[in-house]
Amino acid sequence: MTELTYPEVGRTRHGALPDGYHHLRHRTPLPAGCFEVAAEAVLTWRLHRAAGIRMRTDATQATEDVRVTAGLGVGPARLWGPCRVVWSESSPTLAGFGYGTLPGHPERGEEAFVVGRDDTGAVWFEVRAFSLPDRWFTRAAGPTVRAAQHAYAWWLGRTLRRLCAGR
């Protein structure tokens with residue numbers, strides 16, 4: 001298995017994100033009663049694909065050690081980011097996964113996509129990430145990359161709300 005290029009593997013699962021990286025936390029409330037639909041969409045790549053992201057993987061579900069390459073953009077402007085799933089969880093109140101970047105990814109770090117349900121029945125989706133630029137063009141883009149990451153997290157939340165509404 002290809003090694004990840006950073007030492008903080010799995011830190012998007014629980015607790016504080018590691019120092020020395022840019023952090024992202026974006027939470028979206030989801031419609032009540034949609035936990036199962038949302039969990040399935042996240043764990044089967046359906047969310048990403050519905051959001052227009054190309055997902056190259058042989059796995060039907062995000063489970064630990066699965067390799068996936070996400071493609072953002074259009075045509076020749078599409079950027080591909082190879083990743084490996086470093087953790088996955090599916091319980092009655094929490095479902096999601098985190099993947100870490102592999103060599104060749106424009107960033108170095110980890111991103112998690114999590115659906116949760118609390119004691120009141122409220123359902124939410126959260127994107128958590130820590131990253132640093134790892135290619136010349138992401139370093140040159142500076143704050144634009146972080147703005148794009150926030151827009152991406154917002155778009156995923158909006159897409160998942162739409163998928164839940166269309167159950």
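Owing to the predicted nature of the structure, the values given are computational and were not obtained by experimental measurement.
The side-chain heavy atoms of Leu160 and Leu30, taken from C-beta on, include a pair separated by under 4.5 Å. Under the 4.5 Å side-chain criterion, counting only non-hydrogen atoms from C-beta, Trp80 is not in contact with Leu72. No side-chain heavy atom of Gln61 sits under 4.5 Å from any side-chain heavy atom of Phe97. Proximity of Arg84 to Val66: side-chain heavy atoms (C-beta onward) are nowhere separated by under 4.5 Å. In this structure, the side chains of Thr57 and Thr69 stay at 4.5 Å or more apart for every pair of heavy atoms. Between Arg46 and Leu163 there is a side-chain heavy-atom pair separated by less than 4.5 Å. Contact of the Tyr99 side chain with the Glu64 side chain is not registered, since no non-hydrogen atoms from C-beta on lie closer than 4.5 Å. You'll find the side chain of Val68 stays beyond 4.5 Å of the side chain of Arg56, heavy atoms only.
Ring planes of Phe125 and Phe113: parallel class, angle under 30° (limits at 30 and 60°).
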Worksheet entry | CA sep, side-chain torsions, deciding dist, call: Glu126, Thr28, side chain to side chain contact (heavy atoms under 4.5 Å, CB included) | CA-CA 6 Å; Glu126 186 173 40; Thr28 303; over 6 Å; no
Item to complete: Could you check Arg13 against Glu110 for salt bridge (Lys or Arg N to Asp or Glu O under 4.0 Å), going step by step and ending with a plain yes or no?
Response: CA-CA 10 Å; Arg13 188 172 197 159; Glu110 191 171 300; over 6 Å; no
Practice prompt. Just do the side chain to side chain donor-acceptor pair (under 3.5 Å) check on Ser131 and Gln149 with the steps written out, would you?
Written response: CA-CA 10 Å; Ser131 64; Gln149 288 171 328; 3.2 Å; yes
Worksheet entry | Test log, rule side chain to side chain contact (heavy atoms under 4.5 Å, CB included), inputs Val114 and Leu94 | CA-CA 7 Å; Val114 180; Leu94 195 71; 3.3 Å; yes
Worksheet item: Step by step, would you call Cys83 with Arg67 a side chain to side chain contact (heavy atoms under 4.5 Å, CB included)?
Response: CA-CA 6 Å; Cys83 300; Arg67 200 179 151 123; over 6 Å; no
Practice prompt. List the steps and the verdict of side chain to side chain contact (heavy atoms under 4.5 Å, CB included) for Thr12 and Trp87.
Written response: CA-CA 9 Å; Thr12 56; Trp87 65 266; 3.0 Å; yes
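The residues Glu107 and Arg146 are annotated as not salt-bridged, no charged nitrogen and carboxylate oxygen being separated by less than 4.0 angstrom.
Of all the heavy atoms in Val123 and Gly33, the pair that sits closest is CG2-N, 4.2 Å. Considering every non-hydrogen atom in both Gly52 and Arg78, the closest pair reads O-NH1, 4.5 Å. Closest heavy-atom contact between Ala153 and Leu24: CB-CD2, 4.1 Å. Here the shortest heavy-atom pairing between Pro133 and Arg108 reads O-NH1, 4.5 Å. Residues Arg25 and Leu17 approach most closely at NH2-CG, 4.0 Å, considering heavy atoms. Residues Thr120 and Asp118 share a closest heavy-atom pair of OG1-OD1, 2.6 Å.
Every residue was checked against the side chain to side chain donor-acceptor pair (under 3.5 Å) condition with Arg49, not counting sequence neighbours, and none meets it. Residues forming a ring pair (Phe, Tyr, Trp, His ring centres under 6.0 Å) with Trp124 (at least two apart in sequence, or on another chain): none.
Open room surrounds CZ on Arg158; 12 or fewer heavy atoms of other groups in view lie less than 6.0 Å from it. Atom CG of Asp19 has 12 or fewer neighbouring heavy atoms from other residues, nucleotides or ligands inside a 6.0 Å radius. Sparse packing is recorded around CZ of Arg54, with 12 or fewer heavy atoms of other residues, nucleotides or ligands lying under 6.0 Å away.
Cluster note: Phe137 groups with Leu79, Trp136 through ILVMFWY side-chain heavy atoms spaced under 4.5 Å, whether in direct contact or through intervening members.
Remark: the Thr60 side chain and the Trp45 side chain contain no N/O donor-acceptor pair separated by less than 3.5 Å.
To the nearest 0.5 Å, atom CH2 of residue Trp154 and atom OG1 of residue Thr159 are 8.0 Å apart.
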